[in-house]
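Worksheet: the structure to be examined is printed underneath.
What you are looking at is a predicted structure, and each value in this text was computed from that prediction instead of being measured. Numbers restart at 1 for each chain; the letters A, B, ... are given by sequence-line order, proteins then strands.
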Protein chains: 2
Amino acid sequence: MAADPLSRVFSALADPTRRDLVARLASGDATLSQLAEPYDVSVQAVSKHLRVLQDAGLVTKGRDAQRRPVHLEAEVFDLMTKWIERYRREAEARYRRLDDVLRDLPADVDPLPPAPPTTGAPS
Amino acid sequence: MAADPLSRVFSALADPTRRDLVARLASGDATLSQLAEPYDVSVQAVSKHLRVLQDAGLVTKGRDAQRRPVHLEAEVFDLMTKWIERYRREAEARYRRLDDVLRDLPADVDPLPPAPPTTGAPS
DNA sequence: CCCTTCCTCAACCAGATGGTTGACAAAGCG
DNA sequence: CGCTTTGTCAACCATCTGGTTGAGGAAGGG
């Protein structure tokens, strides 16, 4: 469970139940029992989901007597949107350029002389 | 493997290798062997990763003799960004509002009356 | 024709994941 | 003080996942 932050965030949101939790928390903090009520799984299962969201930094838990109000930390979203936007833009730019040039089959282009230029792949 | 589209996309990008593949494909199409070259895992493993990306709709495969050039389909990113933006905005709006109202502890809150986010202190 | 290149399919394995039940600590209520 | 509410921890289980190896199909190059 020592994945990089970006992987943890994507992974956390890859589950419908967890996305629903995030969606509900967007409109206000809530406790575990409140959050678990709508689903037909055990409270412990929801607690595990919250743990995953917490490990991803998407959520924090406060203290109020025996209650632990869960709070959404929306800033972490930026991690994802930045990554996405970066490559989306690159791909779109390339698409437009290719639109200009027209579908030109690069017959004399090396199929891959050096891939290295792209190796600067930061996660 | 019948997860919803959104889950598939998030899940696909939850792996560093697959994000790297996407990053590299953003700058141009490539074949499996080209894509697999930099990693020290088997070609089959990379093929599996591509399958996941394909199932998520992030990537398509063409045909060129025995080669299957892989192409990035960046539009699918929108699925994610739309979801993210929606709840990010909601959370941010709430944060600003809460900034105005000051931290007000809702002591008489109902244990989650279905929808109403009116947690007792709307105005 | 054979042989090489490129890719996929199938079987297998270790570890992560999502769920269960049961026990239990901690805070407040009667 | 006892009991209820709230949440966590632990063990267990089935399935998914990311990797491996091995076999094999399809398309060209000699």
Show the distances under 3.5 angstrom between N or O atoms of the protein and N or O atoms of nucleotides 28-30 of chain D.
none

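- Nucleotide C/dC6 holds its C1' atom 13 Å from the CG atom of B/L35, rounded to whole Å.
- Contact annotation: B/R67 side-chain N/O to D/dA26 OP1/OP2 distance is not under 4.0 Å.
- Classification of the B/F10-A/F10 ring pair by plane angle, with boundaries at 30° and 60°, yields tilted.
- Looking at the side chain of A/L32, the nearest of the listed nucleotides D/dG7, C/dG18, C/dC7 is D/dG7.
- Both B/R68 and A/R18 lie near DNA chain C, and the one whose nearest nucleotide falls closer to the 5' end is B/R68.
- For D/dA26, neither phosphate oxygen OP1 nor OP2 lies less than 4.0 angstrom from any side-chain nitrogen or oxygen of B/R63.
- Residues satisfying the side-chain contact (heavy atoms from CB on, under 4.5 Å) test with A/A45, not counting sequence neighbours, are A/V41, A/S42.
- Residues from residues 39-49 of chain A lying near DNA chain C, meaning a heavy-atom separation below 4.0 Å, are A/V41, A/S42, A/Q44, A/A45, A/K48, A/H49 in numerical order.
- At least one donor-acceptor pair closer than 3.5 Å links the side chain of A/R19 to the backbone N or O of A/L13.
- B/L79 and A/L79 fall within a single hydrophobic cluster, where Ile, Leu, Val, Met, Phe, Trp and Tyr are joined by side-chain heavy atoms under 4.5 Å apart, directly or via other members.
- A side-chain N or O of B/S7 and one of B/D4 form a donor-acceptor pair less than 3.5 Å apart.
- Sorted by first and then second residue, the pairs that involve residues 67-81 of chain A and meet salt bridge (charged side-chain N to carboxylate O under 4.0 Å, His left out), not counting sequence neighbours, are A/D64-A/R67, A/D78-B/R88.
- Applying the side-chain hydrogen bond (donor to acceptor under 3.5 Å, both in side chains) rule to B/Q54 yields the partners B/K61; only residues at least two apart in sequence or on another chain are considered.
- As rounded to whole Å, 10 Å separates atom P of D/dG18 from atom CG of B/L53.
- Whole-Å rounding puts the B/E37 CD to C/dT5 P distance at 15 Å.
- Here C/dT8 presents its P atom at 8 Å from CD of B/Q54, a figure rounded to the nearest Å.
- Contact annotation: A/S33 reaches the phosphate of D/dG7 (side-chain N/O to OP1 or OP2, under 4.0 Å).
- A/T17 comes within 4.0 angstrom of nothing in the nucleic acid, heavy atoms only.
- In this structure, CD of B/Q34 is placed 13 Å from C1' of C/dT5, rounded to the nearest angstrom.
- The rotation axes computed at either terminus of the helix from C/dC1-D/dG30 to C/dG30-D/dC1 lie 10° apart, taking five pairs at each end and rounding to 10 degrees.
- Here C/dC6 presents its C1' atom at 12 Å from NZ of B/K61, a figure rounded to the nearest Å.
- Partners of B/D29 according to the salt bridge (Lys or Arg N to Asp or Glu O under 4.0 Å) rule, which considers only residues two or more places apart in sequence or in another chain, are A/R94.
- Not counting sequence neighbours, B/S11 has no partner by the side-chain hydrogen bond (donor to acceptor under 3.5 Å, both in side chains) test.
- Not counting sequence neighbours, A/Q44 has no partner by the side-chain hydrogen bond (donor to acceptor under 3.5 Å, both in side chains) test.
- Between the P atom of C/dG18 and the CG atom of A/L50 lies a distance of 13 Å, rounded to the nearest Å.
- At distances below 3.5 Å, at least one donor-acceptor pair connects side-chain atoms of A/Q34 with backbone N or O atoms of A/T31.
- The side-chain contact (heavy atoms from CB on, under 4.5 Å) search around B/A56 returns B/R8, B/V9, B/A12, B/L58, not counting sequence neighbours.
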